[in-house]
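Heads up: the structure comes next, in structure tokens.
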Amino acid sequence: MKTKTIGSLIVLLAIATTVASAPSAFAEHSMNAVVENAPGSGVPGCEDTNECFLPATVTIGVGGMVEFVNSDNAAHTSTAGTPADGPSGAWDSSLVMVNMSYTTPALEAAGEYPYFCMVHPWMTGLVIVEEHVEE
């Protein structure tokens, strides 16, 4: 009886180890990121140090998403595109109120996605989406 119990525990441990390690095998494919609006970013000045969005540049895997958290005291947007060229259409949060957040749709194409706040166009950042690289 003890041998059967020990054998069962070993099998359960092997299964648990496999399940626990499986998500990390796919983490690069669907890695997500969180970006915060810097406190006070609704007033010009943060662009001098590229600290309007924290962090200003994030890298995710194909299929990943970015959550934009508004921890500032003003409403903001996260809009794919640039202030000069306008929205690109990849995503647009509309107004994100204080203490609220917005998550982009899954970004399925590798590339660089500049973004900005339509209310405060000095606030800019970049999302880099990379293909999964087999090792």
Side-chain angles (χ1 to χ4, degrees):
M1 178 109 169
K2 286 184 183 180
T3 305
K4 190 174 185 179
T5 303
I6 292 172
S8 296
L9 288 174
I10 290 172
V11 169
L12 285 175
L13 181 59
I15 291 170
T17 302
T18 302
V19 170
S21 65
S24 64
F26 302 103
E28 195 169 341
H29 248 308
S30 61
M31 183 174 59
N32 298 322
V34 176
V35 174
E36 290 191 47
N37 296 108
S41 57
V43 178
C46 58
E47 72 279 9
D48 295 337
T49 56
N50 200 23
E51 294 179 343
C52 299
F53 290 101
L54 301 173
T57 300
V58 294
T59 302
I60 61 172
V62 169
M65 298 177 284
V66 179
E67 179 184 14
F68 289 90
V69 178
N70 186 1
S71 27
D72 190 22
N73 60 2
H76 292 281
T77 76
S78 168
T79 305
T82 65
D85 297 330
S88 70
W91 76 82
D92 181 15
S93 66
S94 297
L95 280 178
V96 178
M97 305 312 285
V98 176
N99 297 321
M100 301 299 286
S101 68
Y102 166 80
T103 301
T104 66
L107 300 174
E108 301 294 345
E112 295 188 350
Y113 296 81
Y115 64 90
F116 69 108
C117 175
M118 290 183 69
V119 181
H120 311 101
W122 57 86
M123 297 177 63
T124 61
L126 180 66
V127 174
I128 301 169
V129 180
E130 294 184 341
E131 292 286 343
H132 177 70
V133 178
E134 293 295 327
E135 292 188 34

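Basis for what follows: all heavy atoms, side chains included, without hydrogens, waters or symmetry-related copies. Remember, it's a predicted structure, so these values are computed and weren't measured experimentally.
Residue pairs satisfying the disulfide bond (SG atoms under 2.5 Å apart) criterion with at least one member in residues 38-112, sequence neighbours excluded, are listed as follows: C46-C52. Within the structure, side chain to side chain donor-acceptor pair (under 3.5 Å) contacts touching residues 97-115 (residues at least two apart or in different chains) are E67-S101. The stretch residues 82-123 participates, sequence neighbours left out, in no disulfide bond (SG atoms under 2.5 Å apart) pair at all.
Taking 4.5 Å as the limit, some side-chain heavy atom of L95 sits within range of a side-chain heavy atom of T77. In this structure, T124 and P114 have side chains that are not in contact, with every pair of non-hydrogen atoms separated by 4.5 Å or more.
Looking at residues two or more places apart in sequence or on another chain, you find a side chain to side chain contact (heavy atoms under 4.5 Å, CB included) between A80 and S88, A90, W91. S94 pairs by the side-chain hydrogen bond (donor to acceptor under 3.5 Å, both in side chains) definition with nothing, not counting sequence neighbours. Residues satisfying the side-chain hydrogen bond (donor to acceptor under 3.5 Å, both in side chains) test with T57, not counting sequence neighbours, are none. The side-chain hydrogen bond (donor to acceptor under 3.5 Å, both in side chains) test applied to S93 returns no partner, not counting sequence neighbours. Taking E51 as the reference, T49 meet the side-chain hydrogen bond (donor to acceptor under 3.5 Å, both in side chains) condition, with sequence neighbours excluded. Here P44 pairs with E47, W122 under the side chain to side chain contact (heavy atoms under 4.5 Å, CB included) rule; sequence neighbours left out.
When the side chains of ILVMFWY residues are joined at heavy-atom separations under 4.5 Å, either directly or via intervening members, V34 and V98 end up in two distinct hydrophobic clusters. Clustering ILVMFWY residues whenever any of their side-chain heavy atoms sit less than 4.5 angstrom apart, transitively, puts M97 in the very cluster that holds F68.
N32 contributes a side-chain N or O that, together with a main-chain N or O of M65, makes up a donor-acceptor pair within less than 3.5 Å. Side chain of D72 to backbone of G40: a donor-acceptor contact under 3.5 angstrom is found.
Cluster partners of F116, by chain and number: M118. The rule joins Ile, Leu, Val, Met, Phe, Trp and Tyr whenever side-chain heavy atoms lie under 4.5 Å apart. Grouping Ile, Leu, Val, Met, Phe, Trp and Tyr residues whose side-chain heavy atoms lie under 4.5 Å apart, directly or via other members, places I128 in a hydrophobic cluster with L126.
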* Asked: So E36 and V69, side-chain contact (heavy atoms from CB on, under 4.5 Å) or not? Walk me through it.
  -> CA-CA 5 Å; E36 290 191 47; V69 178; 4.0 Å; yes

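V127 approaches L107 most closely through the heavy-atom pair CG1-CD1, 4.0 Å. Residue H120 comes nearest to A74 through the heavy atom pair CE1-CB, 4.4 Å, listed as atom of the first residue, atom of the second, then distance.
For the atom pair T79 OG1 and M123 CE, the distance stands at 10.5 Å (nearest 0.5 Å).
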